[in-house]
*Asks:* 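Sharing a structure, written as structure tokens. Questions coming.
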Amino acid sequence: MESISELETYLLLNYIVGDEDIHIPSVVKQVFDGKYELLLQTENLLSLLKTSDNIEETIVKLIETDADQHLNWLSIGIASLFYFIQHNWTGPSIKVEIENFSHLRERALKNLSLHDECNENTSRGEFLYLAKLIFSNKQLQSSFESCSWWLFRANFIHQLILDDYSTIIFEESEKLMENISKFNLLANDCLKTIFNLEITYFYLSYKRVQNSEKYFEIAEKLAGLKLELQGALGVRTKYQQVKNAQLFLKVEIEKELFPSRSCDIMPVALNLNDDLRLEKIQFSEETQNVKLGSIEEAIVMTKYFQLQISQPKHQLTFEEITPYLSRVIENTNNWSLKLSSLYQRCVNESNHKRTIERSIAQMEYLIDQVNDDKVQISYRMDLFFVSGLRPKWSFKQMLADQKLNLGLVKGALDLYLSLHLWEDVILCYTILGLKHKAAEIIKQEIDKKPSVKLWCLLGDAMEEEGHYETAWKLSEGKSSRAQRHWGIFHFNKKNYVEAVPHLKLSAELNNIQETVWSRLGFACLQIENWELAATAYRKFCALEQSSFEAWNNLAKAYIKLGEKQRAFRALQDAIKCNYDRWEVWDNLMVVSIDLGRFTEVIRCYHRIIEIKGQHLDVQILNILSRAIIDDINDAEGNSSRIILSKALELFGRITSTLPNNSEVWRLYAELNSLQTDDINNQKTAQYLQRAYRASVSDPKWYQRIESIENVLNMCIKLSDAYENCSKNCSDQQKRSLLGSAKLSLQSVIKKVKDQELSEKQEIIDHLMKVEEKLEIILSNLEKIK
């Protein structure tokens, strides 16, 4: 007999590595042979189910009192989990019920629902419940390291049958991951690779892409695999003459392949049969196609899912991820990977007119394959947990979505009804102009078996608040769904004050709800509850880190709370999410100027100009230049004078795009005057001359008090600059400079004196100063005649 650790390894892999003639216990062999029913029909187990009133306590007691039966219990747990997967994922379903199990169903589903609800299409939930009961046993976990891993797998499956994300499962699974990572089983590189892939899928199921990246990289490294997209010339259509650059996946492997086995009967990829498009890209030169094993192909498939979830949904993304999918479709001999990859291709092709027909035909074929019994059940389970295979009902749902895309609303409606997808049923009836019919259907279902979900959907269909209250009472005050629908009902009507308490309670009951946190944050911004808005957006950003709007709104809440340092960090994260939104850069610039982060202000201003072409924010430029002129220390205690050259570079860029703004030229001149050599003195005078010209370019400048003051001030500065500039130059240059200043001042004085402004003392004072400057200039001109 093989050692326990080897048996555990084989069970985790679902096949025996190496010599197939080794002796193994019959219960383990039944798992390998896919004879799950035989294991679940053992006399002791059936008797226990028949006679025990409390199966949970009885199983615990039996496991703890008879250590010799631990391997049997582990095998029963695995068989129970696989039997559940068979009925909900891989098929084929077995219509005949196993004796004495069905009476556990209602109790099992109630416990599995975790205060919300399991998907209505879930079949034979009692087997998942039994598996979790067995794997959760502490005695069994101490006997077998793999027991905790099987519990982690059961948790992963459990989350996939729930309509909402579960905080309970997430937190428990993270603890399990931490414990399993210390096990001796993971000394086996093959198992360690699979475990890291399973963690990757676990995080991806919660859309935690950043969390998944670390574990995927470990798996990729352990497999010695290097995946890289490259370009090569090729054609896509039958009549294409010019070869264009096309993407393909270059795979390199630096070690031996992990052991795997091939399935003899595989699902078939249907041909496109298009009169224009080729079946696949034809490259002008042969692209490298390294042979991979199933585990290595699972890594490629995992990368596909990671890219699919992390990137925005548009044609460019589709082009980038398709090579990963094609690699698996064209080469794999693993049943689950093949089915999963073909399903994903159907999803991708369902929105294009040239591929929609194959998409529908392929999906119908896959549904038949799941129900077909030609492929051995055990082969369907190979690498199932790292295949990304969707539940059986997802295939029919996708077929319904495809029909809806084609406008076949009634065909889609029939499928949605059979799958109890009431949200989609409501959509179809709305399209058909029969929204009242949706309410009737839901009422009929409520009469059969009321549920929280149905009452919520009836509230949505009829827009009656009382139905949400009924759902809440039915859940005994535990359903996050009831509060979510209730809150969204008010949110959609812009009744934000009423929406907030319901959304807040829903989020408290289940804190892994991105949409709830997002709406709660927005509603709080509208009612100016800054503290709760900051909390909501902070929670949302922890779950969905790629939304620049959320980071931006979080910063807004922090600003309102006076927490500008936190707002600064939030806006930096917003920029990482979307580098091309000038509004976010503008917000970051405003916060940076308040915090004295002057270098960041300049960086932001440059980026805004790059995006917009030109940008003017005189207030920011005023504060920035004043800080440098007054030599105010920045946020880190450094002299702001050290960024003078960068500031002058910025002003140069602004004036090149906005050459007629007087204020910008004035600030540019003031900053430049900090450099006192002859060349810069001339530049300062030139900038002030540009400022003066911009000021008087408005033909009505002398009719407004504010603009008169501005022009008079400009004349004073201009005369000082010319005088300063003329100190160290020849008489001819001096005459030219002072002459120019004289003409400018005389023109302004005349215009101002022509206005009736005798009662404006400030204007009179400024005018007198300009006249004094003019007298000085005239005197200097007399001296050099």
*Asks:* His87 pairs by ring pair (Phe, Tyr, Trp, His ring centres under 6.0 Å) with which of Trp89, Tyr83, Phe84?
*Replies:* Tyr83

*Asks:* Between the side chains of Arg484 and Gln513, does any donor sit under 3.5 Å from an acceptor?
*Replies:*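 The answer is yes; a qualifying pair exists.
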
*Asks:* With side chain to side chain donor-acceptor pair (under 3.5 Å) as the criterion, how do Trp149 and Glu8 come out once you've worked through the C-alpha distance, each side chain's angles and the decisive distance to 0.1 Å?
*Replies:* CA-CA 10 Å; Trp149 190 342; Glu8 289 183 80; over 6 Å; no

*Asks:* Any chance you could lay out the side-chain contact (heavy atoms from CB on, under 4.5 Å) test for Arg107 and Glu56, step after step, and finish with the verdict?
*Replies:* CA-CA 11 Å; Arg107 180 177 171 186; Glu56 295 88 353; 2.5 Å; yes

*Asks:* Please check: side-chain N/O of Ser80 versus main-chain N/O of Gly77, any donor-acceptor pairing under 3.5 Å?
*Replies:* no

*Asks:* Measuring only between side-chain heavy atoms, which start at C-beta, is Phe135 closer than 4.5 Å to Ser148?
*Replies:*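 Side-chain contact under 4.5 Å: no.
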
*Asks:* At what distance, to the nearest 0.5 angstrom, does CZ of Phe258 lie from CG of Asp189?
*Replies:*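 It comes to 5.5 Å.
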
*Asks:* Taking everything shown except Glu97 itself, do over 12 heavy atoms lie less than 6.0 Å from its CD?
*Replies:*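 Yes, CD of Glu97 has more than 12 neighbouring heavy atoms, counting only those of other groups under 6.0 Å.
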
*Asks:* Can you tell me how the ring of Phe170 sits relative to the ring of Tyr203, calling it parallel under 30°, perpendicular over 60° and tilted otherwise?
*Replies:* perpendicular

*Asks:* Given the ring of Phe101, does Arg124 sit roughly above its face, with NZ or CZ under 6.0 Å from the centre of the six-membered ring and within 45° of the axis?
*Replies:* no

*Asks:* State whether a side-chain donor-acceptor pair under 3.5 Å links His485 with Asp460.
*Replies:*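 Checked: His485/Asp460 side chains pair up, N/O donor to acceptor below 3.5 Å.
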
*Asks:* Using the ring of each side chain (for Trp, its six-membered ring), is His502 parallel, tilted or perpendicular to Trp486, with breaks at 30° and 60°?
*Replies:* parallel

*Asks:* Using modelled atom types and a 3.5 Å cut-off, is there a donor and acceptor pairing between side-chain atoms of Thr332 and backbone atoms of Val328?
*Replies:*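 No.
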
*Asks:* Search all heavy atoms of Ile295 against all heavy atoms of Leu197 and return the closest pair with its distance.
*Replies:*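 Looking at all heavy atoms of both residues, the closest pair is O-CD1, 4.4 Å.
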
*Asks:* If the plane angle is over 60° it's perpendicular, under 30° parallel, otherwise tilted; pick one for His467 and Trp455.
*Replies:* tilted

*Asks:* Establish, from distance only, whether the side-chain atoms of Asn334 and Asp382 form a donor-acceptor pair under 3.5 Å.
*Replies:*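 Short answer, no.
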
*Asks:* Mark yes when over 12 heavy atoms from residues, nucleotides or ligands other than Asp447 sit less than 6.0 Å from its CG; otherwise mark no.
*Replies:* yes

*Asks:* Begin with the C-alpha distance, continue with both residues' side-chain angles, and end with the deciding distance and a verdict on side-chain contact (heavy atoms from CB on, under 4.5 Å) for Leu114 and His158.
*Replies:* CA-CA 10 Å; Leu114 301 177; His158 187 178; 3.9 Å; yes

*Asks:* Has Ser506 got a side-chain atom pairing as donor or acceptor with Ser480's backbone, closer than 3.5 angstrom?
*Replies:*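 Looks like yes, one N/O pair under 3.5 Å.
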
*Asks:* State yes or no: are the ring centers of Tyr201 and Phe305 separated by less than 6.0 Å?
*Replies:* yes

*Asks:* Would Glu117 and Asp164 satisfy side-chain contact (heavy atoms from CB on, under 4.5 Å), going step by step from the backbone distance to the final call?
*Replies:* CA-CA 8 Å; Glu117 284 166 10; Asp164 288 317; over 6 Å; no

*Asks:* Against Phe202, only a single residue in Phe152, Tyr165, Phe156 fulfils ring pair (Phe, Tyr, Trp, His ring centres under 6.0 Å); can you say which?
*Replies:* Phe152

*Asks:* Apply the ring pair (Phe, Tyr, Trp, His ring centres under 6.0 Å) test between Phe82 and each candidate in Phe32, Phe384, Phe127, Trp150; give the one that qualifies.
*Replies:* Trp150

